[in-house]
Number of protein chains: 2
Amino acid sequence: MGSTKTDLFSTEQNEIAALLKAIAHPARIAILEYLVKVDTCICGDIVNELTLAQPTVSQHLRELKNAGLIKGNVEGTAICYCVDQSKIARIQAYVSDISSKLDHKTDQCC
Amino acid sequence: MGSTKTDLFSTEQNEIAALLKAIAHPARIAILEYLVKVDTCICGDIVNELTLAQPTVSQHLRELKNAGLIKGNVEGTAICYCVDQSKIARIQAYVSDISSKLDHKTDQCC
DNA sequence: ATTATTTATCGTAATATTGCAATATAACGA
DNA sequence: TCGTTATATTGCAATATTACGATAAATAAT
């Protein structure tokens, strides 16, 4: 037990769950927001932005990278991270789809 | 250790992270999709839809409920669950905001 | 009242996540 | 080459999540 039974669900359900799970942590939310804010890819100061220890930040960055949400380019001694727009768009499309289907719902018992 | 350091982040960051975390599991994705699909609130057959054991489904429902994503009404011996549209809208607004900010990004090094 | 049905809770085992100190790696400049 | 800087990896402790059997609680029907 303990581990998620991914074989019981569709590929799409597992993919969306994995993407959402990668964002579903305040530190990773903060990282994404910072990457969006700076509007440039020269970003070696994410560690300074967060109050977490450097290995912890590095670990969160790796999770975002594994999920495909960010990409990283080695840029001399620093590393340039940026958000992968297509993955964000994928999440947006999914959530918008759910939301619009709820708009058309007729029954409202709750 | 082991627990998330929520005090290092803003209320909004923690709230969004909690909402996303509640959805970020294939079983809970499947539950939400089913609730959206049936377009009615008389839904006591979620357990039959998923292949998971009844206590497991009940636990996932409780997590969705705790996050405020679904509401439940006692309906005789069954319970009528439905999605809370406002919470989905909140997530949609957040993701759309990130997405649109990325659209306006000028620098594209990665 | 008794029984069947439906959902919730408890307890527990297996696994995953979070965070960090210590250490490693990699690239640059003197 | 050596030191400096930036990031990654390892190892580990604390905590959280996932899943389910057993059981409880609540209501409906007989």
Side-chain angles (χ1 to χ4, degrees), chain A residues 1-9 13-14 17-31 34-35 38 41-67 70-82 110, chain B residues 1-9 13-14 17-31 34-35 41-67 69-82 110:
Chain A
M1 283 166 229
S3 65
T4 300
K5 290 194 158 184
T6 51
D7 53 309
L8 299 181
F9 306 99
Q13 287 169 338
N14 283 311
L19 279 178
L20 293 175
K21 191 177 176 184
I23 318 187
H25 188 287
R28 297 195 287 271
I29 293 267
I31 289 172
Y34 183 67
L35 284 178
V38 294
C41 289
I42 301 119
C43 31
D45 48 351
I46 300 175
V47 176
N48 301 332
E49 274 294 301
L50 308 189
T51 329
L52 291 166
Q54 180 266 325
T56 307
V57 175
S58 184
Q59 191 173 296
H60 283 305
L61 285 168
R62 186 174 52 189
E63 274 179 66
L64 287 170
K65 205 173 175 184
N66 285 345
I70 62 174
K71 288 178 285 190
N73 272 5
V74 176
E75 192 93 16
T77 170
I79 288 194
C80 138
Y81 278 114
C82 4
C110 305
Chain B
M1 285 168 231
S3 63
T4 300
K5 289 194 157 184
T6 52
D7 53 309
L8 299 180
F9 307 99
Q13 287 169 337
N14 283 310
L19 279 177
L20 292 175
K21 191 176 176 183
I23 316 186
H25 188 287
R28 296 195 287 270
I29 293 267
I31 289 172
Y34 182 67
L35 284 178
C41 289
I42 301 120
C43 31
D45 48 351
I46 301 175
V47 175
N48 301 332
E49 274 294 300
L50 308 188
T51 328
L52 292 166
Q54 179 266 324
T56 308
V57 175
S58 185
Q59 191 173 293
H60 283 304
L61 286 168
R62 186 174 52 190
E63 274 179 64
L64 287 170
K65 205 173 174 184
N66 286 344
L69 281 159
I70 63 174
K71 289 179 283 188
N73 272 3
V74 177
E75 193 93 17
T77 171
I79 289 194
C80 139
Y81 277 114
C82 3
C110 302

**Request:** Using five pairs at either end of the helix from C:dA1-D:dT30 to C:dA30-D:dT1, determine the angle between the two local helix axes and round it to 10 degrees.
**Result:**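 So the angle between the two local helix axes works out to 20°.
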
What does [X] touch in the nucleic acid at a heavy-atom separation under 4.0 angstrom: a base, only the sugar-phosphate, or nothing?
{"X": "A:S58", "answer": "base"}
{"X": "B:Q54", "answer": "base"}
{"X": "B:T4", "answer": "sugar-phosphate"}
{"X": "A:K65", "answer": "nothing"}
{"X": "B:T56", "answer": "base"}
{"X": "B:Q59", "answer": "base"}

Kindly say if [X] contacts the phosphate of [N], meaning a side-chain N or O under 4.0 Å from OP1 or OP2.
{"X": "B:K5", "N": "C:dC20", "answer": "yes"}
{"X": "B:Y81", "N": "C:dT6", "answer": "no"}
{"X": "A:R62", "N": "D:dT9", "answer": "yes"}

**Request:** By nearest nucleotide on DNA chain C, pick out whichever of A:P55 and A:A27 is the more 5' one.
**Result:**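 Between the two, 5'-proximity favours A:A27.
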
**Asked** In chain order, what residues pass the side-chain contact (heavy atoms from CB on, under 4.5 Å) check against A:T6, with sequence neighbours excluded?
**Response**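 A:T6 satisfies side-chain contact (heavy atoms from CB on, under 4.5 Å) with A:T4, A:N14 only.
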
**Message:** On DNA chain D, compare the nucleotides closest to B:G2 and B:R28; which residue's is nearer the 5' end?
**Reply:**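 Taking each residue's closest nucleotide, the earlier one in sequence belongs to B:G2.
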
